Structure formats: C-alpha cells, structure tokens
Amino acid sequence: MTQVNFTSEHNSLAAARQFDQADELAGFRAEFTFPKNSEGEPLLYFAGHSLGLMPNGAREMLNAECDAWGKYAVKGHFEADHPWARSHTFVADSLARIAGAKPGEVVAMNTLTVNLHLMLVSFYRPTRNRYKILIEKNAFPSDQYAVDSQARFHGFDPGDAIVELQPEPGRLAMTDQDVLEQIEAVGDELALVMLGNCNYLSGQCFDMRAITELGHRMGAMVGFNLAHGAGNILLDLHDDNADFAVWCCYKFLNAGPGGIAAAFVHERHHGRGDIPRFEGWWGTKEQDRFKMRRRIDPIPTAEAWAMSNPPIFQMSALRPSLELFDAATMPRLREKSVKLTSYLEWLLKENAGDFVEVMTPPHSPEKQTRGCTLSLRFRKDPRGMLQVLSEKGAVTDFREPDIIRLAPIPLYNSFEDVYRFSEIVAGFCDSV
Ligand SMILES: *Cc1c(COP(=O)(O)O)cnc(C)c1O
C-alpha cells in the first residue's frame with residue numbers, strides 16, 4: 001500500500017531525505033541533466049509536465065545518428081545501426097507498454113495536434129443528426145481549435161457542435177458522476193467524446209473505462225488526448241476499449257523539444273475499409289514501400305496511419321528515455337508518484353494551508369483520480385509567489401489568472417525537492 005498519510009515527524013528535511021534513501025527508483029535521477037542556478041546547483045525542476053528533462057543518453061544518441069549520417073548517407077535508411085526506415089518501430093513497443101496497448105496499436109509519428117486531426121479524420125464522421133463533440137471546458141486550447149475547425153470542416157457551427165463539460169462554478173475538477181451525466185445529456189446527437197486525460201489545467205484523471213463504455217452505449221466514438229497521461233498515470237487503453245488516443249512525448253516522456261508524438265488506434269479498427277484515413281507511403285506495407293507501386297497496400301496495424309518517413313533525430317532522442325521507463329516500469333513509477341505528490345500536498349496543507357488551495361482532486365485508493373501534477377490556487381498574491389519561486393530556483397508554470405501548476409516527476413524528482421519547494425512557499429506565506 002502506497003504511503004499517503006503523513007504525520008508531523010515527516011515535516012522536515014531529514015524526513016524527506018529518509019524517503020529518498022528508501023526509494024528504490026532514486027538512482028534514475030542521475031540519468032538526467034538538470035538546469036542549474038548561478039552557483040551550479042540543480043534547480044527545483046517541477047515543469048516536467050511542460051518539457052521533460054534531458055536524459056544524459058540523448059546527446060550520445062543524437063551524436064550516433066550524426067555519425068551514421070556521415071558514414072552511410074542514403075544507405076543509412078537500411079544500414080545504420082538503427083536503420084532509419086524502421087526508426088518508428090524501435091519506440092513502438094515501449095510506447096505500447098506505457099499506454100497499456102497491444103503491439104501494433106501504437107504508432108510514433110508527427111506531432112500531437114497533427115495526430116489529433118488525423119484521428120478526427122477517421123473517428124469524427126458526423127451526420128446531420130449526430131455531430132456533437134464533447135470535450136472538457138478547460139481543454140487545452142490546441143484541442144479546442146482542432147475540434148472547432150473539424151466541426152467547421154464538416155459544415156457545422158462549433159458553437160452548436162462542440163459541447164463542454166461544465167465543472168461547478170469556482171472549481172476546475174468534476175465528479176465522475178457529473179462527467180457521466182453530462183455526457184449522457186448530449187443524447188443521440190453525440191458523435192465523439194474527446195477528453196484530455198489528465199486534464200492539463202486541473203490535473204484531474206477521468207475514468208476512461210466508464211466514459212468509453214457510456215460513449216459507446218450512446219453510439220459515439222471515444223478518444224483521449226494523453227499528453228498529460230502518457231508516462232504519468234497507469235494506462236490501459238486496449239482493455240478500456242478507447243477508439244483512439246494521441247499524445248506528445250516531450251512532456252512526461254522526455255523526448256526533447258518538439259519531440260515525436262504518438263497515436264493509438266484500437267485493434268478492432270485495424271484494416272477496416274469503412275474508416276476513412278489520410279494516407280501516405282509510410283502506411284503501405286514495408287516490403288513494398290520502395291517498389292513505388294501506384295496503389296497503397298495498408299499495413300494492418302496503427303502504422304496504416306503513418307504518412308511520411310519519420311524525423312530520425314526526434315525518434316532517436318526518445319529512445320534513451322524509453323529505456324529508462326522500461327527499466328523503472330510504470331507500476332513502480334506510479335507507486336512512487338502517488339507518495340511524492342501526496343507528500344507535496346500534505347506539506348503544503350501543513351505549512352501553508354491558509355494560503356494555498358489544491359484544485360486537483362484528492363488521491364483515491366480505489367481509482368486514479370489524478371496524476372503527479374498539482375494545480376494550486378494562491379489566495380494572496382499569486383504573482384508575488386511566482387516571482388519568489390523563480391528567484392529561489394523552483395521551476396513551475398503559471399496559468400492565468402491565478403493557477404500555479406507543478407509536477408513532481410517520479411523518474412527524477414526527489415522527496416527533498418518537494419520538501420524544499422514547500423519551504424519556499426511557507427516562507428513566502430509568512431511574509432505576506
Ligand atoms: C501539450 C498539449 C498540446 C500541445 O500540442 P502540440 O501539437 O504538441 O503543440 C495539445 N493538447 C494537450 C492536451 C496538451 O497537453
């Protein structure tokens with residue numbers, strides 16, 4: 001059972017260090033490069049939900065690809081140590097493990113919003129009477145723009161076609177019951193449920209299985225944007241029965257800036273002729289790809305959605321991180337994550353409780369209600385808080401008008417990091 005209850009004896013740097021000593025994943029921290037302050041000390045990096053840190057292995061991997069380019073030039077497509085023509089296949093299995101997908105259900109390609117559009121091409125097929133898309137009220141703007149533009153593309157008015165889940169006033173998160181009731185209320189007009197999981201602003205984790213089941217019962221497709229889920233929460237995409245999912249790999253999966261993204265297509269949709277798709281030559285069977293045939297012969301997996309020969313440097317930059325995920329494994333990372341984030345929450349309540357409101361749902365032992373990220377609302381002077389955090393070397397991020405988000409990442413953040421962060425917050429609270 002993961003420890004989520006703490007007592008006053010845990011409210012010290014010494015206690016935080018003891019947690020680190022007992023942490024079997026603590027060694028992974030040394031595999032990453034931390035940004036440093038002017039004294040050369042690592043910053044308190046809590047922005048891994050925005051851009052994951054660089055695994056030390058990434059530089060070596062990129063250098064190796066440059067070496068291969070120099071040595072093989074065009075022959076590198078087939079003769080490099082990791083032949084470029086197959087580069088997307090070297091990351092697929094690890095990504096599938098992280099996503100709880102079967103091999104063949106995940107393909108690495110493009111960037112996130114592009115993949116979302118490609119999935120919408122296949123899975124948002126509105127009719128005159130069934131055309132509505134349900135998303136979160138606080139969906140990531142790119143997702144809002146994507147669904148709005150898809151609705152317009154099909155001749156619908158987004159103001160009518162896009163329905164948003166409404167949390168109670170003053171809240172960011174919703175109860176599972178509310179979510180399900182609001183989905184059900186759309187009725188026969190529902191064509192697609194597309195939710196960000198976890199939600200990027202509240203950190204709320206939705207019940208993917210219940211939502212998918214309900215969406216399907218209502219005759220809709222169900223897809224997820226897992227930008228804040230992949231590498232953060234335990235995922236079970238295949239068994240949860242989602243139709244599709246998309247995610248970027250530069251947040252929790254440390255692929256580096258502009259890194260490669262991924263898509264999941266449930267195997268029941270593979271090889272179906274009645275699902276339209278935008279196609280390119282990377283979706284045709286590998287053995288025929290360079291025969292330059294006139295007609296595509298689609299790969300009977302999620303790879304049918306791949307279009308172009310992949311960006312090799314981005315693919316390679318992702319591999320070192322995936323090796324770390326395979327070594328650490330998601331269940332162990334999740335277990336540490338629950339303890340690390342619970343500790344942070346407890347310290348903030350204990351030492352700055354009058355000042356900080358946690359907008360993210362509380363941890364539940366029965367189901368995943370959140371990932372590692374906490375969204376904090378500061379009752380006084382959020383900008384002053386932000387300023388002090390940055391002066392003291394804590395990297396977080398700010399969303400208008402008053403939300404500070406931070407993500408203790410189990411792969412590289414320590415209990416000491418979390419304790420030091422709470423000290424800065426408590427110090428600021430005492431001073432205002
Ligand atoms: C980070 C994020 C994006 C960003 O999209 P890109 O196409 O990678 O720029 C989109 N949607 C969600 C939910 C995100 O968290």
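Being a predicted model, the structure only gives us computed values, none of them experimental. Ligands are counted one by one from 1 in listed order, and the atoms in each one are counted from 1 as well.
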Can you list the atoms of ligand 1 that are under 4.0 Å from a heavy atom of [X]?
| X | value |
| --- | --- |
| Asn225 | 11 (N), 12 (C), 13 (C) |
| His228 | 15 (O) |
| Thr113 | 5 (O), 6 (P), 7 (O) |
| Ala227 | 12 (C), 14 (C), 15 (O) |

For ligand 1, is there an N or O atom under 3.5 Å from any N or O atom of Ser142?
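Between Ser142 and ligand 1, no N or O pair is found under 3.5 Å apart.
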Got an N/O contact under 3.5 Å between Tyr200 and ligand 1?
no
Around atom 15 (O) of ligand 1, find the nearest protein heavy atom and jot down its residue, atom name and distance.
Lys251 NZ, 2.5 Å
Suppose we measure from atom 8 (O) of ligand 1 to each protein heavy atom; which comes out shortest, and what is that distance?
Tyr250 OH, 2.6 Å
Side chains of Asp143 and Tyr200: any donor to acceptor distance under 3.5 Å?
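Tyr200 vs Asp143: no donor-acceptor pair found between side chains.
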Side-chain donor-acceptor pair under 3.5 Å between Glu303 and His88, yes or no?
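Side-chain D/A pair, Glu303 to His88: present.
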Answer yes or no on whether Lys392 is positioned over the face of Phe421, meaning its NZ or CZ is under 6.0 Å from the six-membered ring centre and within 45° of the axis.
no
Ring-face cation contact, Trp282 with Arg289, 6.0 Å cut, 45° max:
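Yes, a cation-pi geometry.
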Any chance NZ of Lys380 has more than 12 other-residue heavy atoms, nucleotides or ligands included, within less than 6.0 Å?
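Not buried by this count: 12 neighbours or fewer within 6.0 Å.
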Look at ligand 1 and say whether Thr111 reaches it with a heavy atom at a distance under 4.0 Å.
no
Would the Phe264 and Trp305 ring centres measure less than 6.0 Å apart?
no
Does ligand 1 have a heavy atom under 4.0 Å from the side chain of Asp143, from its backbone, from both, or from neither?
side chain
Using the ring of each side chain (for Trp, its six-membered ring), is His49 parallel, tilted or perpendicular to His228, with breaks at 30° and 60°?
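Tilted.
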